[in-house]
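Below: one structure, written as structure tokens.
Computed from heavy atoms alone, side chains included, the values below leave out hydrogens, waters and symmetry copies. Index from 1, following the sequence.
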Amino acid sequence: MFIHQRRGWEIPERLVTPEHIARGERPTRRMLLAGAGLALLPGAAHAQFSLFGGGTPAAPPKELKPLAATRNARYDGGRPITPEHDATTYNNYYEFSDGKTLYKEAQALPLDPWSIKVTGMVKEPRTIGLEELLKKVSLEERVYRHRCVERWAMTVPWTGFPLADLVRVAEPLGSAKYVVFTTIADQKNMPGLRKSYYPWPYVDGLTIQEAMNELSFLTVGMYGKTAPPQNGAPIRLTTPWKYGFKQVKAIVEVHFTDKRPVSFWEKLASDEYGFWANVNPAVAHPRWSQATESVLGSQEVVPTKIWNGYGEFVASMYDDKKSEKLFV
Ligand SMILES: Nc1nc2c(c(=O)[nH]1)N[C@H]1C(S)=C(S)[C@@H](COP(=O)(O)O)O[C@H]1N2
Ligand SMILES: [Mo]
């Protein structure tokens with residue numbers, strides 16, 4: 001029997017039906033959320049299997065392998081860890097769907113073998129196999145808070161390694177100022193790529209300084225196992241002081257450049273999603289307040305913290321950038 005279990009803070013699905021899709025317009029998050037007024041989230045449901053009743057080729061769930069890594073006590077989530085089921089069945093991954101319950105479709109993404117192209121302003125452009133890369137780094141576990149620009153939040157034990165380690169392996173030239181991450185564009189297995197109004201592939205980037213910050217993390221696992229495809233396996237970026245959309249999933253290219261990249265979301269709506277996207281409760285999104293966040297897997301709505309609570313690690317990087325739109 002199908003039971004729609006809506007969380008207290010979710011809004012009814014019918015209020016956010018993306019009508020523009022039916023009308024054939026180019027959707028942005030602005031439009032996706034417009035029907036909801038200031039309501040919290042685009043339509044979402046917990047284990048809403050019926051949504052995938054037809055059409056989607058069934059793929060068995062990916063087998064997740066245990067990943068041994070010691071938890072690094074320096075990074076404290078500061079609140080209870082989100083139940084694994086919630087963090088892995090409520091996702092954003094537009095390559096699969098504009099909705100949230102895409103975990104079923106995501107199982108079809110082949111993850112093995114995987115390699116990453118290192119391109120642009122580096123000593124020597126090359127392709128690194130993920131296995132080879134993992135031999136050059138050591139894995140640790142970090143409990144980080146995650147804050148989506150849509151006002152939902154979670155707390156997750158990620159397994160991975162500092163992004164700085166990859167930057168060292170890549171050997172960027174001194175002239176490189178930014179690092180840009182690109183998600184795989186798998187036409188066969190990612191139905192969202194057929195929506196040509198989106199500027200595929202999904203890209204986003206950081207300054208080299210941000211990339212070298214100790215918080216910047218490349219994630220290969222969560223909850224003590226390899227990450228499932230819906231959360232960005234086999235390797236995704238995790239930058240907890242920034243809104244979630246900066247955290248590129250399923251990375252296939254790491255590009256070094258001296259030009260500031262324009263991200264997927266910035267191409268769609270530059271007034272709403274900028275380059276910096278640091279979390280700040282005092283700076284509202286053009287269409288909704290960012291003062292509070294809904295904690296996934298609970299009924300709680302809590303105040304959002306500036307830098308998502310990570311100011312001690314990151315705030316000083318922005319001292320000389322006060323004229324920039326740091327929080328959009
Ligand atoms: N390739 C890709 N990466 C992506 C997204 C996406 O749609 N495609 N969504 C982003 C957004 S908006 C968020 S909040 C996080 C969600 O990560 P999670 O599904 O692990 O919670 O992934 C980010 N990375
Ligand atoms: Mo997000």
Side-chain angles (χ1 to χ4, degrees), residues 28-30 33 38 74-79 92 120-121 142 144-153 155 162-164 166-168 172-181 199 202-218 237-248 254-293 301-328:
T28 62
R29 268 198 234 208
R30 180 191 305 129
L33 289 167
L38 282 182
R74 184 167 160 80
Y75 311 103
D76 179 3
R79 63 184 180 205
N92 270 334
M121 303 172 99
R142 296 184 180 188
Y144 276 165
R145 292 182 295 281
H146 174 99
R147 172 59 155 81
C148 174
V149 75
E150 299 160 344
R151 297 208 298 215
W152 56 269
T155 309
L163 172 56
L166 173 67
V167 174
R168 275 188 276 275
L173 304 179
S175 46
K177 293 195 180 80
Y178 300 94
V179 53
V180 190
F181 304 88
Y202 197 100
V203 294
D204 215 315
L206 302 169
T207 64
I208 299 283
Q209 186 192 24
E210 289 176 325
M212 298 303 288
N213 185 278
E214 66 168 278
L215 287 186
S216 295
F217 204 55
L218 282 170
L237 180 65
T238 309
T239 47
W241 74 100
K242 290 181 178 283
Y243 290 114
F245 69 84
K246 298 289 295 181
Q247 306 184 18
V248 178
V254 178
H255 181 76
F256 292 85
T257 172
D258 56 3
K259 290 187 191 65
R260 185 184 292 187
V262 182
S263 75
F264 177 87
W265 285 108
E266 199 176 351
K267 282 176 200 146
L268 276 171
S270 60
D271 49 333
E272 306 202 356
Y273 308 104
F275 173 74
W276 299 102
N278 297 305
V279 175
N280 187 341
V283 179
H285 182 278
R287 289 176 296 115
W288 60 84
S289 160
Q290 293 291 22
T292 60
E293 60 203 45
V301 175
V302 300
T304 288
K305 295 178 178 157
I306 186 161
W307 314 107
N308 202 21
Y310 293 102
E312 61 176 304
F313 300 103
V314 299
S316 66
M317 289 194 289
Y318 305 98
D319 284 346
D320 61 345
K321 297 184 179 67
K322 299 277 196 262
S323 62
E324 299 262 347
K325 284 188 167 177
L326 290 173
F327 304 104
V328 175

Restricting to side-chain contact (heavy atoms from CB on, under 4.5 Å), what partner residues turn up for Val302, sequence neighbours left out? Arg79, Glu293, Val295, Glu300

N/O donor-acceptor pair under 3.5 Å between Ser216 side chain and Glu210 backbone: yes

Paired with Leu237, the side-chain contact (heavy atoms from CB on, under 4.5 Å) test is passed by just one of Val254, Leu206, Asp204, namely Leu206

Can you tell me if Asn278 uses its side chain to pair, donor with acceptor, with the backbone of Leu326 under 3.5 Å? yes

Could you walk me through whether Leu215 and Tyr144 satisfy the side-chain contact (heavy atoms from CB on, under 4.5 Å) test, starting with their C-alpha distance in whole Å, then the side-chain angles of each, then the deciding distance to 0.1 Å, before giving a yes or no? CA-CA 9 Å; Leu215 287 186; Tyr144 276 165; 3.7 Å; yes

With heavy-atom distances below 4.5 Å as the criterion, would you say the side chains of Met212 and Ile208 are in contact? yes

pair Asn92-Glu150: side-chain heavy atoms closer than 4.5 Å: yes

Heavy-atom closest pair, residues Pro172 and Phe256: CB-CD2, 3.6 Å

Tyr243: what forms a side-chain hydrogen bond (donor to acceptor under 3.5 Å, both in side chains) with it, not counting sequence neighbours? none

Has Gln247 got a side-chain atom pairing as donor or acceptor with Thr239's backbone, closer than 3.5 angstrom? yes

Kindly say whether Thr257 contributes a backbone atom to a donor-acceptor pair with the side chain of Lys177 at under 3.5 angstrom? no

Atom pair CZ (Phe217) and CG (Leu163), whose distance is rounded to the nearest 0.5 Å: 10.5 Å

Closest non-hydrogen atom pair between Val179 and Ala211, with its separation: CG1-CB, 3.6 Å

Give me the ring orientation class for Tyr202 and Trp265: parallel if the planes are under 30° apart, tilted from 30 to 60°, perpendicular past 60°. perpendicular

Should the ring pair Tyr273 and Phe245 be called parallel, tilted or perpendicular, given that the plane angle runs from 0 to 90° and is split at 30 and 60? perpendicular

If you take all heavy atoms of Thr304 and Pro281, which pair is closest and at what distance? O-CG, 3.2 Å

Separation between OG1 (Thr155) and CZ (Arg147), nearest 0.5 Å, reads 12.5 Å

Closest non-hydrogen atom pair between Met121 and Asp258, with its separation: SD-N, 3.4 Å

Can we say Arg260 and Glu324 salt-bridge, meaning some charged N sits less than 4.0 Å from an Asp/Glu carboxylate O? yes

Compute both the distance and the angle, then confirm whether Arg145 meets the cation-pi test with Tyr310: under 6.0 Å from the six-membered ring centre, within 45 degrees of the axis. yes

Which residue is it: Trp241, Tyr318, Phe327? I am looking for the one with a ring pair (Phe, Tyr, Trp, His ring centres under 6.0 Å) to Trp276. Tyr318

Main-chain N/O of Arg142 paired to Arg74 side chain as donor or acceptor, under 3.5 Å: no

Looking at side-chain heavy atoms only, is the closest gap between Pro261 and Phe275 below 4.5 Å? yes

Between Tyr75 and Phe313, does the ring centre distance come in under 6.0 Å? yes

Once side-chain contact (heavy atoms from CB on, under 4.5 Å) is applied, do any residues pair with Lys325, and if so which ones, sequence neighbours excluded? none

Val262 to Lys267 - nearest heavy-atom pair and separation: O-CE, 3.4 Å

Return the CD1 to CD distance between Ile306 and Gln290, rounded to the nearest 0.5 Å. 12.5 Å

Taking the side chain as C-beta and beyond, is there a heavy-atom pair between Phe264 and Val248 under 4.5 Å? no

Taking the side chain from Glu272 and the backbone from Pro286, do they hold a donor-acceptor pair closer than 3.5 Å? no

Heavy-atom closest pair (Gly244 atom, His146 atom, distance to 0.1 Å) is CA-CE1, 3.7 Å

